[in-house]
Amino acid sequence: MERVVIIGGGPGGYESALVASQLGADVTVVDTDGLGGSAVLTDCVPSKTLIATSELMADLADAPELGVTFQDAEGDEATRVVVDLPRVNRRVKQLADDQSADIGRHLERDGVKVLVGRARLDGPERVEVELADGGQQTLEADAVLVATGAAPRVLDSAVPDGERILTWEQVYDLAEVPSRMVVVGSGVTGAEFASAYLSLGIDVTLVSSRDRVLPGEDADAAQVLEDVLERRGMTVMHRSRMQSVTRDGDTVTVTLTDGRTVEGSHCLLALGSVPNTADLGLVEAGVTLDEGGFVKVDRVSRTSARGVYAAGDCTGVLMLASVAAMQGRIAMWHFLGDAVAPLDLGQVASNVFTSPEIATVGISQRAVDEGELAVESITLQLAGNPRAKMQGVHDGFVKLFCRLGTGIVVGGVVVAPRASELIHPVSIAVAESLTADSLAHAFTVYPSMSGSVAEAARQLHHRPD
Ligand SMILES: Cc1cc2nc3c(=O)[nH]c(=O)nc-3n(C[C@H](O)[C@H](O)[C@H](O)COP(=O)(O)OP(=O)(O)OC[C@H]3O[C@@H](n4cnc5c(N)ncnc54)[C@H](O)[C@@H]3O)c2cc1C
């Protein structure tokens with residue numbers, strides 16, 4: 001029986017453990033901070049649970065347009081809906097803990113051994129574990145999968161104190177609603193939290209070092225989001241690079257490199273992530289790291305050391321839970337001799353959970369503009385969609401890309417409430433190389449937002465010559 005040792009119990013680790021055990025391997029997962037990893041305990045699951053509350057708040061803010069108003073017990077108009085943040089945070093943490101426990105039960109059911117402790121490679125075929133309850137254990141391995149994730153990047157000039165200067169892992173300990181939140185960083189994490197806190201009724205300033213928010217996303221989509229956020233009252237500061245964050249009592253001050261300052265009651269730092277690859281014995285085992293410390297892997301998750309695979313955020317390959325899980329599964333399929341196709345990032349569907357959401361799959365507008373592929377594209381505003389009108393949705397669009405000539409769908413962008421769900425038909429079209437006509441021919445419900453996906457595809461139709 002092949003012995004597989006997996007270091008890290010996040011999606012990169014636990015999903016690969018399930019595959020390896022299904023294929024008959026003897027599998028041990030070593031994890032230090034809790035099964036589910038950052039994805040379940042501090043990042044993905046908690047933030048999306050917080051965002052579920054913020055979505056409800058955003059819907060309530062739009063209620064008057066749909067004819068709903070609020071009254072107090074005396075029948076007077078009530079104009080404020082307030083959030084009980086400690087209660088929200090308790091729910092967030094409970095849900096994360098429950099999910100972590102679910103993963104533990106699943107692994108146990110599938111015969112995976114779990115060790116709680118910190119692991120380190122001793123060469124490519126041996127793993128030393130410092131157990132959390134004391135003692136050491138040595139594991140011999142035919143294959144090792146490194147899936148140790150990443151941690152929030154912090155700077156010496158902006159040290160989180162866990163009370164008012166916060167990383168995204170610390171916000172769920174907030175005992176009171178911030179009166180003014182300054183979010184530094186306008187990538188996906190910064191934008192999601194800024195959008196969520198704004199919907200929760202908090203005064204938010206977003207400090208962005210770039211010309212616009214979400215520099216890595218579709219520019220049209222980012223512009224819609226920025227317009228909506230500003231319309232709802234967020235202050236977005238462009239070309240504003242943070243130099244330092246300091247705290248004086250209840251006030252935090254963000255100082256920018258040009259000398260300007262921004263004050264708030266709290267500051268959330270969203271400055272990206274650094275890989276958890278130090279002190280793991282990787283280099284000594286023959287594993288090559290890049291200059292940022294990320295593990296270099298090929299498309300079947302092999303590192304430069306024979307028998308050592310890596311998956312997830314520690315590789316820096318599109319840092320998403322779904323990608324981490326797929327990299328891990330691919331590693332195990334490859335090592336254990338199952339059918340395997342190399343990782344194809346061109347098919348990854350991803351979503352920014354702002355309000356509205358931004359979902360993308362396949363080729364990007366930037367790649368098209370750079371001439372990577374000759375495509376035709378169509379952008380359809382959601383405002384014309386009947387369901388959108390009924391629901392009071394005014395912002396957003398569906399954008400589709402298809403290959404010139406064949407009409408095969410190669411990508412798309414959806415900006416809408418629940419865009420994460422609406423992108424799925426486009427994702428299937430990209431994965432299955434469907435043409436725009438095929439996408440257009442499938443029935444959609446009337447009235448529905450997905451009708452706009454089919455309508456966009458219909459507009460890409462060419463009559464045969
Ligand atoms: C705020 C935020 C929101 C996000 N939201 C989403 C989202 O909505 N959708 C999405 O797809 N992605 C999301 N992501 C990204 C996602 O969380 C990561 O891509 C994912 O966690 C990567 O999984 P992983 O298995 O590589 O690492 P992790 O989830 O970080 O797990 C790594 C595990 O390894 C353990 N570990 C580390 N070192 C050792 C060691 N030496 N020995 C033993 N164990 C060790 C850690 O304790 C941890 O449990 C979000 C990220 C952030 C920051």
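Just so you know, ligand 1 is whichever comes first in the structure, and atom 1 is the first atom listed for that ligand. Hydrogens, waters and symmetry mates play no part in the numbers below; they use all other heavy atoms, side chains included. These numbers come from a predicted model, not from an experiment.
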Check: L256 and R241 side chains under 4.5 Å, non-hydrogen atoms = no
Looking at side-chain heavy atoms only, is the closest gap between L225 and L214 below 4.5 Å?
-> yes
Report every pair formed by an N or O atom of ligand 1 and a protein N or O atom separated by less than 3.5 Å, giving atom names and the distance to 0.1 Å.
| residue | atom | partner | partner atom | Å |
| --- | --- | --- | --- | --- |
| ligand 1 | 5 (N) | K48 | NZ | 2.9 |
| ligand 1 | 8 (O) | K48 | NZ | 3.0 |
| ligand 1 | 11 (O) | A321 | N | 2.9 |
| ligand 1 | 12 (N) | A321 | N | 3.1 |
| ligand 1 | 19 (O) | D313 | OD1 | 2.8 |
| ligand 1 | 19 (O) | D313 | OD2 | 3.3 |
| ligand 1 | 19 (O) | M319 | O | 3.4 |
| ligand 1 | 19 (O) | L320 | N | 3.3 |
| ligand 1 | 19 (O) | A321 | N | 3.3 |
| ligand 1 | 21 (O) | A39 | N | 3.4 |
| ligand 1 | 25 (O) | P11 | N | 3.3 |
| ligand 1 | 25 (O) | G12 | N | 2.9 |
| ligand 1 | 26 (O) | D313 | N | 2.8 |
| ligand 1 | 29 (O) | S38 | N | 3.1 |
| ligand 1 | 29 (O) | A39 | N | 3.1 |
| ligand 1 | 30 (O) | S38 | OG | 2.8 |
| ligand 1 | 41 (N) | A119 | O | 3.1 |
| ligand 1 | 42 (N) | A119 | N | 2.9 |
| ligand 1 | 44 (N) | T32 | N | 3.3 |
| ligand 1 | 47 (O) | D33 | N | 3.1 |
| ligand 1 | 47 (O) | D33 | OD2 | 3.0 |
| ligand 1 | 49 (O) | D31 | OD1 | 2.7 |
| ligand 1 | 49 (O) | D31 | OD2 | 3.4 |

Return all side-chain donor-acceptor pairs below 3.5 angstrom for residues 332-345, not counting sequence neighbours, or 'none' if the list is empty.
| residue | atom | partner | partner atom | Å |
| --- | --- | --- | --- | --- |
| H334 | ND1 | Y309 | OH | 2.8 |
| D344 | OD1 | G346 | N | 2.9 |

Test item: I202 and R180 side chains (from C-beta on) under 4.5 Å apart, heavy atoms | no
What residues form a side chain to side chain contact (heavy atoms under 4.5 Å, CB included) with T167, not counting sequence neighbours?
-> P152, V154, P160, E169, Q170
Distance-only check: which donor-acceptor pairs under 3.5 Å involve side-chain atoms of residues 271-286, not counting sequence neighbours?
| residue | atom | partner | partner atom | Å |
| --- | --- | --- | --- | --- |
| N276 | ND2 | T148 | O | 2.8 |
| T277 | OG1 | G293 | O | 2.6 |

